[in-house]
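Below is one structure, written out as structure tokens; comments come after it.
A note on names: the letters A, B, ... follow the listed sequences, proteins ahead of strands, and every chain is numbered from 1. These numbers come from the heavy atoms of this one structure, side chains and all, not from hydrogens, waters or symmetry mates.
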Protein chains: 2
Amino acid sequence: MSTTDKALSLLALFSHVCPEIGLTDLSKQSGFDKATTLRHARALLRSGLLEQNPDSRRYRLGAEILRLANLREGMFPLRTVAQPVVEALAQITGETVHFSARAGDTLGTVIAHTSAKTVRIVVEPGLLLPWHATASGLAFLSQLSSKEGERLVELSVASHPSLAQPDASFVKDAIQLASVRGFAVCADRLERGVAGVASVVFDSSGAPIGTLAVALASAQFDRFKEQSIAEHVVEATTDLSIKLGASPQHTAKRLRAGVAV
Amino acid sequence: MSTTDKALSLLALFSHVCPEIGLTDLSKQSGFDKATTLRHARALLRSGLLEQNPDSRRYRLGAEILRLANLREGMFPLRTVAQPVVEALAQITGETVHFSARAGDTLGTVIAHTSAKTVRIVVEPGLLLPWHATASGLAFLSQLSSKEGERLVELSVASHPSLAQPDASFVKDAIQLASVRGFAVCADRLERGVAGVASVVFDSSGAPIGTLAVALASAQFDRFKEQSIAEHVVEATTDLSIKLGASPQHTAKRLRAGVAV
DNA sequence: TAGTTTGGTTCATTATATGAATCGTGGGTT
DNA sequence: AACCCACGATTCATATAATGAACCAAACTA
């Protein structure tokens, strides 16, 4: 693990429940020495990736991130293109829909549209999804080599110690099923009571870049609903992939068996 | 300069004219050895801040940036709040308007709204603004200690070797004038033919966080226009600062003399 | 006012970053 | 089709930077 990796790992500590973190907490949560943490934080401060609340001196994500996001969106308008697709899928299914993208060794939610139902699943944008315990993660894994998939699952299991360890075969079976059906299903794993259906989005070079997922209360989830939601999810991912420049044939081939299994 | 600083400095090489960069170019532009550059790039790859075009193997800004941007926007909705203010200012003035935020030692454009005029100034979001050669930079400097201002100007001059060096007194005088008037004006510095009028935005703790600026063709710029645009810019920055939670009195005091000088 | 927590600093120790030389390969040219 | 060149990527001895236990000052708490 390089020095830069350590410094950048501080960024992963911020979340919607923890948007501002002091030096001591930063040090405790990251496991680094306080002096080391300070130096890392200062490097991130200099680059603008973090900034410091002038009152509390606590750290928060910096404005440079917004600039970089604009820059990226200008050249590769992932957000802009995915937003309407997410909304359309939310409209059709009436459930919470989120679009997540792979970033390095993690899968992070980029867009989330919460349903208006009484029992609603709230997905905060910016949420990191474990590879082995979400429909999105499992769907994505089905498009990777088993070697890389195993590496990611290992990382994911290690960084989510609170989750029940998956049976040796669960992940393998889920991936196998997903690669046959073109979508993955996952219920009561990351959180009890939540079920998800997800399928993979490809970019213009045919590489998997993210997932579209529908999340709903598992109490309201059954085989009939699975069937109908999966159809819409697969359709939406195909649509989004094509809008991102992927070839329709390729996308169809990757998600080949469709929902008719 | 720490290792992390070096690695993160690679991010600053990306721009709207250069959205994808290969290893060799990355190495040349950063001045690091190719092997070193590769290791830095790989660290950024692991964190998701960069990603690699699977076809060309060139590097581009990664999807993690979008996730972090959402996270930040959720806790401190700078973009969301500033967007309508930028648009209102663009509407009133009929000129190009941009909102830029300080990030570490740089000033970067977060939102840009291009005018619909025949002679239009196009500001790309993500553009880095030199402190010493833009209205935004000079306005912001007028709210910093002279020690910090000098440090930033030095950095800025060093990283924009193509710009004409400012006279010893130009920056000092411009800052002095800006601190009296509450807005800064800068014409034909960063680019010949472009004039700008900018004023500073404050956050809820009273610290300066960015600037609103109007950019127009310097050929269409005169003292009368300066007066009318400055009034609108100052009004817009006050409005935005208050929407961000700044106290009206404080903001007014900081921009005290208003436009009536 | 005494105690406790927080952000921040120091310096000897140790681990990591660095870059010249090198390799393999895919794209472009003749 | 054969060539070359430029590019991405790797190696390993060397040099440089990261590390953390102890320490300090200031702000908050009781």
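For A/E148, the CD atom counts as densely surrounded, since its 6.0 Å shell holds more than 12 non-hydrogen atoms of other residues, nucleotides or ligands. Around the CD atom of B/E154, the shell of radius 6.0 Å holds no more than 12 heavy atoms that belong to other residues, nucleotides or ligands.
Between the CG atom of B/L10 and the C1' atom of C/dA17 there is a distance of 14 Å, rounded to whole Å. Distance CG (B/L38) to P (C/dA17): 13 Å, rounded to an integer number of Å. Following rounding to the nearest Å, A/R58 (CZ) and C/dT6 (C1') show an atom-to-atom distance of 12 Å. In this structure, A/D55 places its CG atom 16 Å from C1' of C/dT6, rounding to the nearest Å.
The overall bend of the helix from C/dT4-D/dA27 to C/dT30-D/dA1, read as the angle between its terminal helix axes built from five base pairs each, is 50° when rounded to 10 degrees.
By the 4.0 Å N-to-carboxylate-O rule, B/R67 lies too far from B/E73 to be salt-bridged with it. Taking a cutoff of 4.0 Å between a charged side-chain nitrogen and a carboxylate oxygen, A/R151 and A/D105 qualify as a salt bridge. Ion pairing of A/E64 with B/R102 is absent here, as no side-chain N (NZ or NE/NH1/NH2) approaches a carboxylate O to less than 4.0 Å.
A sub-4.0 Å separation between OP1 or OP2 of C/dT6 and a side-chain N or O of A/Q52 is absent. Between A/Y59 and C/dG8 there is a side-chain polar atom (N or O) within less than 4.0 angstrom of OP1 or OP2. A/T24 has a side-chain polar atom (N or O) that falls below the 4.0 Å cut-off from OP1 or OP2 of C/dG7.
Using a 4.5 Å heavy-atom threshold, the side chains of B/L50 and B/F14 count as touching.
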Going 5' to 3' through nucleotides 13-26 of chain D, assign each nucleotide B (protein heavy atom under 4.0 Å from a base atom), S (under 4.0 Å only from sugar-phosphate atoms) or - (no protein heavy atom that close).
-> ----SSBBB-----
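Each of A/R46, A/R42, A/R39 was checked for a salt bridge (Lys or Arg N to Asp or Glu O under 4.0 Å) with B/D5, and the lone residue meeting it is A/R46. The side chain to side chain contact (heavy atoms under 4.5 Å, CB included) with A/S47 is formed by just one residue from the set B/T4, B/L8, B/L11; it is B/L8.
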